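This report concerns only the one structure given below.
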2 protein chains.
Amino acid sequence: MRKVDPVKHEQKRRDILDAAFRCFIKDGFHGASTTDICAAAKISPGHLYHYFSSKEAIVEAMVDMGLESAAREFGKISAAPDFIEALIDYLEHGSLRHRTAQVLSLDALAEAARNPQFAGIVEKHASVSRNLLVDFIGTAQRQGQIDPDLDPAATANILLAVIDGARAMPIRTPTLDIEQSLAHLRTLLSRFLKPPREMSAHIRRVTRRTNAPLNASRKK
Amino acid sequence: MRKVDPVKHEQKRRDILDAAFRCFIKDGFHGASTTDICAAAKISPGHLYHYFSSKEAIVEAMVDMGLESAAREFGKISAAPDFIEALIDYLEHGSLRHRTAQVLSLDALAEAARNPQFAGIVEKHASVSRNLLVDFIGTAQRQGQIDPDLDPAATANILLAVIDGARAMPIRTPTLDIEQSLAHLRTLLSRFLKPPREMSAHIRRVTRRTNAPLNASRKK
DNA sequence: TCAAAAATAGAGAGATAACTCTATTATTCT
DNA sequence: AGAATAATAGAGTTATCTCTCTATTTTTGA
């Protein structure tokens with residue numbers, strides 16, 4: 001009796017997923033057909049459905065894989081010595097310059113807004129990224145690199161939003177000056193994250209209570 | 001000889017566009033079929049194609065209309081007395097709370113990354129929004145409300161990115177604490193935009209040259 | 001009033017999509 | 001070695017999609 005070889009099987013799945021990845025980048029989740037994927041993977045439809053039960057299953061596995069590798073990439077930020085510079089680096093290569101693969105992130109977002117199954121996947125990976133950020137923000141706060149009055153989870157969400165927003169920049173503005181954009185993003189992040197240097201903790205606390213940019217959410 | 005009534009004709013087009021809008025929100029540009037749109041507009045396919053030459057023409061007209069109204073909404077920010085508060089307001093109602101219609105923005109972005117025709121439309125409207133922002137940033141800078149060392153166009157692009165990023169927030173994090181998120185967005189924008197208050201212009205200039213968050217792009 | 005053209009309906013053509021079914025080849029366990 | 005089963009191929013089914021074509025009703029200008 002022959003048994004399925006899990007290594008070969010997994011490898012084949014990965015090959016198909018790679019081909020699907022290329023197709024989806026080019027034409028989107030709905031635009032790319034199973035025929036396209038079969039052609040890219042150089043297999044027959046029968047073969048494709050031997051490995052995946054449906055096109056949706058392919059999309060899900062691919063998004064899962066894609067987000068996983070994105071999260072892995074993302075984890076490197078936490079390991080870097082300068083948090084903000086690492087973020088800027090991530091924005092430069094992950095969002096502003098390397099446009100192609102990032103389109104899928106937008107597709108996944110749009111799909112997640114409609115398809116609950118998808119929403120679960122996107123949510124799961126956002127949660128992983130957020131947790132990584134929260135940990136590091138906490139550490140950086142204790143080290144005095146980040147304003148200790150910022151809520152780590154809320155700040156992490158803001159940073160994720162900035163990353164998403166940066167992805168849209170070259171699409172909205174194809175003539176974007178990347179260097180200048182990076183410089184301003186650096187300013188944005190520095191000013192947001194760094195503790196107000198020139199004031200003592202006491203003065204800071206009083207000033208904040210007056211201008212109340214942070215307390216608004218805590219007033220309840 | 002009968003002549004086409006431009007008012008009635010335009011109204012009918014608008015009705016169809018409204019119906020298409022609802023369909024596209026629910027199922028996306030590719031997910032919604034012309035049959036769906038016909039059903040929603042209560043017309044026959046023959047009728048539909050009497051007003052639009054193709055589905056793509058419908059999508060384009062709709063995105064154009066949608067972005068136009070978005071830009072109009074956006075123009076109100078410039079008219080508001082407090083720029084940052086107006087922005088926060090826009091983020092709250094335009095991005096964080098009113099999720100449904102905003103999905104189309106993601107769809108349009110994803111489509112623009114692939115379809116040049118679409119890219120042109122998205123680009124055009126981004127340009128309108130950017131110009132509005134640039135004007136107002138310039139005014140606010142002269143009034144001392146915004147750091148005069150920020151480049152208006154680059155800053156406008158950053159703000160557009162923040163708006164886009166905020167749209168992704170409730171999708172990435174369905175349990176998002178909106179109040180807290182708004183508070184942190186307010187901090188982000190305040191710290192980024194407001195001129196460093198406590199320092200004199202001279203000291204500021206020297207400090208900046210040392211830390212050089214802004215000069216990076218100008219060094220060439 | 002009535003003819004010309006616009007507005008509208010709806011059947012259906014033609015293309016393509018996802019997926020299935022059967023057949024063939026390759027591999028492995030006993 | 002050979003039976004059992006995995007891997008693979010590809011034709012074909014069914015559904016659906018966009019769009020067309022013809023026919024009918026409504027409106028309007030002279």
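Residue numbers begin at 1 in each chain, while the letters A, B, ... track the order of the sequences. The shown structure was predicted, so the numbers you read here are calculated from the model rather than taken from an experiment.
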Work out which heavy atom in B:Leu132 is nearest to a heavy atom in B:Ala71; give both atom names and the distance. CD1-O, 4.0 Å
From NE2 (B:His184) to CZ (A:Phe192), nearest 0.5 Å: 6.0 Å
Minimal non-hydrogen separation, A:Leu96 against A:Pro170, with atom names: O-CG, 3.7 Å
Using heavy atoms and a sub-4.0 Å distance, could you list which residues of residues 31-64 of chain B are near DNA chain C? By number, please. B:Ile43, B:Ser44, B:Pro45, B:Gly46, B:His47, B:His50, B:Tyr51
Which class fits the ring pair A:His30 and B:His30: parallel under 30°, tilted 30 to 60°, perpendicular over 60°? parallel
Interatomic distance where NZ belongs to B:Lys8 and C1' belongs to D:dT28 [whole Å]: 10 Å
Expected output is a numbered-order residue list: members of residues 9-17 of chain B with a heavy atom under 4.0 Å from any atom of DNA chain D. What is it? none
Atom CZ of A:Arg2 and atom P of D:dA6: how far apart are they, to the nearest Å? 8 Å
Candidates A:Arg13, A:Gln11, A:Lys12 - the one meeting side chain to side chain donor-acceptor pair (under 3.5 Å) with A:Asp15: A:Gln11
What do you reckon, are the aromatic ring centroids of B:Phe74 and B:Tyr90 less than 6.0 Å apart? yes
Quick one: does any side-chain atom of A:Arg167 pair with a main-chain N or O of B:Gly165 as donor and acceptor, under 3.5 Å? no
Any Lys/Arg nitrogen of B:Arg186 or B:Glu179 sitting under 4.0 Å from an Asp/Glu carboxylate oxygen of the other? no
Between C1' on C:dA18 and NE2 on A:His30, what's the gap in Å once rounded to a whole number? 13 Å
